[in-house]
Number of protein chains: 2
Amino acid sequence: MSKRADINYKLVLRIIGFLLMVEGGFMFLGIPFSLYYCGNTCLSLLYSGLITCGAGTLLFVTFKQNSNKNIGKREGYIIVTFTWVVTSFFGILPFILSGVIPDFTDAFFETISGFTTTGASILTDIESVPKGILFWRSTTHWIGGMGIIVLSVAILPVLGIGGIQLFVAEMPGPTPDKLHPRITQTAKRLWGIYVLFTFIEAGLLMLGGMNLFDALCHAFGTMATGGFSTQNDSIAGFSPYIQYVIIFFMIIAGTNFTLHYFVLHGRLKKVWQNEEYRYYIYLIGLATVIITASIIIITNKEFEQSFRDSLFMVVSIITTTGYVTSDYLLWPGMLWFIIFLLMFVGGSAGSTGGGMKVIRQLLLLKNSGQELKRLLHPQAIIPVRFNRKSVSRDIIFKVMAFFLIYMIVFAAGTLVMSILGLDFQSAIGATAASLGNIGPGIGSVGPVENYANIPDFGKWFLSFLMLLGRLELFTVLIIFTPVFWKK
Amino acid sequence: MSKRADINYKLVLRIIGFLLMVEGGFMFLGIPFSLYYCGNTCLSLLYSGLITCGAGTLLFVTFKQNSNKNIGKREGYIIVTFTWVVTSFFGILPFILSGVIPDFTDAFFETISGFTTTGASILTDIESVPKGILFWRSTTHWIGGMGIIVLSVAILPVLGIGGIQLFVAEMPGPTPDKLHPRITQTAKRLWGIYVLFTFIEAGLLMLGGMNLFDALCHAFGTMATGGFSTQNDSIAGFSPYIQYVIIFFMIIAGTNFTLHYFVLHGRLKKVWQNEEYRYYIYLIGLATVIITASIIIITNKEFEQSFRDSLFMVVSIITTTGYVTSDYLLWPGMLWFIIFLLMFVGGSAGSTGGGMKVIRQLLLLKNSGQELKRLLHPQAIIPVRFNRKSVSRDIIFKVMAFFLIYMIVFAAGTLVMSILGLDFQSAIGATAASLGNIGPGIGSVGPVENYANIPDFGKWFLSFLMLLGRLELFTVLIIFTPVFWKK
């Protein structure tokens, strides 16, 4: 018998306790809105915050840091996965206590959809929900986005998941070998940028006539690439100005945050030199041109609106935000198939976007081209180049393995959803949209539908897929392998 | 400017000429059936055969072997690809001259569907077609199957495509370093087995009451994993005995032919030691059990028929044959989704089956598991094991690259088909079924439908996909790269 692995559970619980305290604090933020809009949800937010803070403090104090401060890889995986799960379990409190979502499964689905910045909803009449609770709903996105920034910039590269370590070398920070200060400092800088952009966006939205509440909720949803709106028809009812503002900030949110850091420090050249960014912009441009032209030719719609609708939906899907201004399922089949394909691209690495990530798709495409050359010249070393440097074969290997596992999970997920009775398109759509943290899918979970009619087991399963997708698959899957628990 | 590559075109043309002579010879084989069934197609078969033989002889004699006998890799790719294309262009003659398929596009689609052992058809009333022409139609499968055996056993492993070289080490033959005699001898041995099984199957089918004509046509279609039948309802109208015989030989045809060689030489242990074979059988068993049980539970059908229908369709799809006994699209969604997933498995390496091949899927699954272990132990060497040996990282790399290019072609193909106006399911189905050389897909190209209503451009495009899939993608794609034509 092999021994069980040493895992520092105390430290894990202490850290989760700390994060619960933070979560509880965020719950109080909705109270002013409750009061202002004369909602009767103050107490539910207050109680939820107190319970969450209390539970957090209990954990934090009980497992007072013992001498063993060592965070190994195993602790890293457990902390990351359980943070998202535990905060989601506490995050349901405002929904349950206020009676807005009385069902446990529904409340959990809505909350984890928020924290994973997916934005899939089970609410059918969003506008009837008290403002305080809606604010908490949008806050889950914003907290999730903050978590993702730390995760993708500081933790995942260290764990070496799916080739994402590639862009670490590009990152601003003291020195690459001093891990701890680097993580802290990088995270703080990028959080600063995240907060800054959120408030600039909210300000610009208010200039367009939104009130503070709507502006904050939508800024949270945009910068986290989440997608929860405060309106039943998402962004469709807002003015073109507001739609363009949201488009702009969705693009920002789907960009590697380290590039924003460079821009703010005047190193603009760095940005256009970044191949991932160029490819991301080209892809948005190409898809938008094709869809705009097709809509104009086929439906004879006016140019500006066709362009805006196309650009909005392309950006919303590729960045995995999931805001909606038009029902792409009413477009001709080939157009929404393009939208469907974009669901497998996702945002840039180091952004708050989900999905497979632009950088991976780019490396995979490049490697496929090189593979043909390698066939003709098997002795030659024909590397994939990215940002003018050769990418090691080992990283390409990891990226391919990631793609494969993504496809295996996608196929298995679709099978499970079809066992639950969903038709082919809906099963594919719900799986792709959950795994990619997008929100709206195709079929019965399309842009103007929601997830209310999915059976309970399906909601739990899709919640699991959201978690898998958000944490880059491996972080969660590895916990289910026997080898993880062995020494 | 880089120089153009030296390509020995004379030799290429001479070899293609030789193969055309063989093709022409095969055309004459349908004449006896024309005469017996009093069809008026003798002359069209005769003329077709003469034209094809004539053109072949002309090429063969004109490009009399010059001193340069060297077949390099480039010549290899060109010969393989153009053999399939050129023989398909000549193979349309019987259809055109007899007036059975007057349209050029349709005739080409039907012929390349035959030669690639796909079995997708544009004929809506097969039973009205003269027997001589139907015999030629089934013969294209049989010739295609012979071509595939040489290709997959002798040529592709030498070219090193997509990790298929793995099983070469397992192959019977003189010595691995003597390439030429090895290729010739191996191919001859395996052809012997192919011919033997074809005639055994035809004999067994005749024992079940089929006439010689039907028995030969169906044996051709089975052993080549093709799928052309002589009946409008494929195999559905035949007796259970005949269906079981065809199931048995489909399994045989989807098995690595070198294993048959071992069995015929009494080395039975070799077979069960082969992991690919075990996985292939397990997969068939698992899918059949699930589908049978579900059909019985959901529709209350009788056991034997449910079992036979399930087994038949599972085997038919996984081996990429495409014979049909029941319309799986009428099954509950989750069951035909299982069938759809099997379309991406395909036959074993070294069989006549198409698709991605069982061995690749197995290696990919194993590697995905190992990748999780590698994350925890990045310094350790954690190889994928196959047939009790470590598989080199390089082969896994190639297999993953193959899977990726397959998925890219699949996505691009579906996009093209949806641009042509096919709905989502049909576009996915037509692409998967053509690329995987299966025949029946899902949607409007399902098991009881056919390809007659696809627009002309779509037929040419699907023909291209059949060729791509049959020749393991790289063989064809490489010809389109600029580097191929440079020195």
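Keep in mind that what you see is a predicted model, and the values were worked out from it rather than measured. The chains referred to below are lettered A, B, ... by the order of the sequence lines, with proteins before strands, and numbering in each begins at 1.
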Checklist entry - Any idea which of B:Gly333, B:Ala427, B:Ala401 has the most non-hydrogen atom pairs under 4.5 angstrom with chain A? => result B:Ala401
Item to check | Proximal component of B:Phe344, with respect to chain A [non-hydrogen, under 4.5 Å] | outcome: neither
Checklist entry - Of the backbone (N, CA, C, O) and the side chain (C-beta and beyond), which part of A:Arg374 lies under 4.5 Å from a heavy atom of chain B, both, or neither? => result side chain
Next on the checklist: Does the plane of the ring in A:Phe424 sit parallel, tilted or perpendicular to the ring in B:Trp336? Use 30° and 60° as the thresholds.
Outcome noted: tilted
Checklist outcome for this item: Cut-off 4.5 Å, heavy atoms of chain A, and the answer for B:Asn367 is side chain
Checklist entry - Is any side-chain heavy atom of A:Lys373 closer than 4.5 Å to a side-chain heavy atom of B:Phe484? => result no
Checklist entry - Where on A:Met407 is there a heavy atom nearer than 4.5 Å to chain B: the side chain, the backbone, both, or neither? => result side chain
Item to check | Most contacts with chain A, counted as non-hydrogen pairs under 4.5 angstrom, among B:Leu364, B:Leu422, B:Ile428, B:Thr481 | outcome: B:Leu364
Item to check | Side chain, backbone, both or neither of B:Phe397 within contact of chain A (heavy atoms, under 4.5 Å) | outcome: both
Checklist entry - Which bit of A:Ile419 is near chain B, if near means a heavy-atom gap under 4.5 Å: side chain, backbone, both or neither? => result both
Checklist outcome for this item: Whatever's closer than 4.5 Å to a heavy atom in chain A on B:Ser294 counts as neither
Checklist entry - Atom OH of A:Tyr406 and atom OG of B:Ser368: how far apart are they, to the nearest 0.5 Å? => result 15.0 Å
Item to check | Over 12 non-hydrogen atoms of neighbours within 6.0 angstrom of NZ in A:Lys366 | outcome: yes
Next on the checklist: Quick one, A:Glu371 and B:Phe402 - any side-chain contact, counting heavy atoms below 4.5 Å?
Outcome noted: no
Checklist outcome for this item: Closest heavy-atom pair, A:Ala411 versus B:Phe337, reported as atoms and distance to 0.1 Å, is O-CE2, 3.7 Å
Checklist entry - Relative to chain B, which of A:Val483, A:Ile396, A:Leu376 shows the most heavy atom pairs under 4.5 Å? => result A:Leu376
Next on the checklist: Which one wins on heavy-atom pair count under 4.5 Å against chain B: A:Leu335, A:Thr414, A:Asp423?
Outcome noted: A:Thr414
Item to check | Shortest non-hydrogen contact from B:Ile478 toward A:Leu372 | outcome: CD1-O, 3.5 Å
Checklist entry - Nearest heavy-atom pair of B:Met334 and A:Leu415: which atoms, and what distance? => result O-CD1, 4.0 Å
Next on the checklist: Quick check on the interface: out of A:Arg393, A:His377, A:Gln425, who has the most heavy-atom pairs with chain B under 4.5 Å?
Outcome noted: A:Arg393
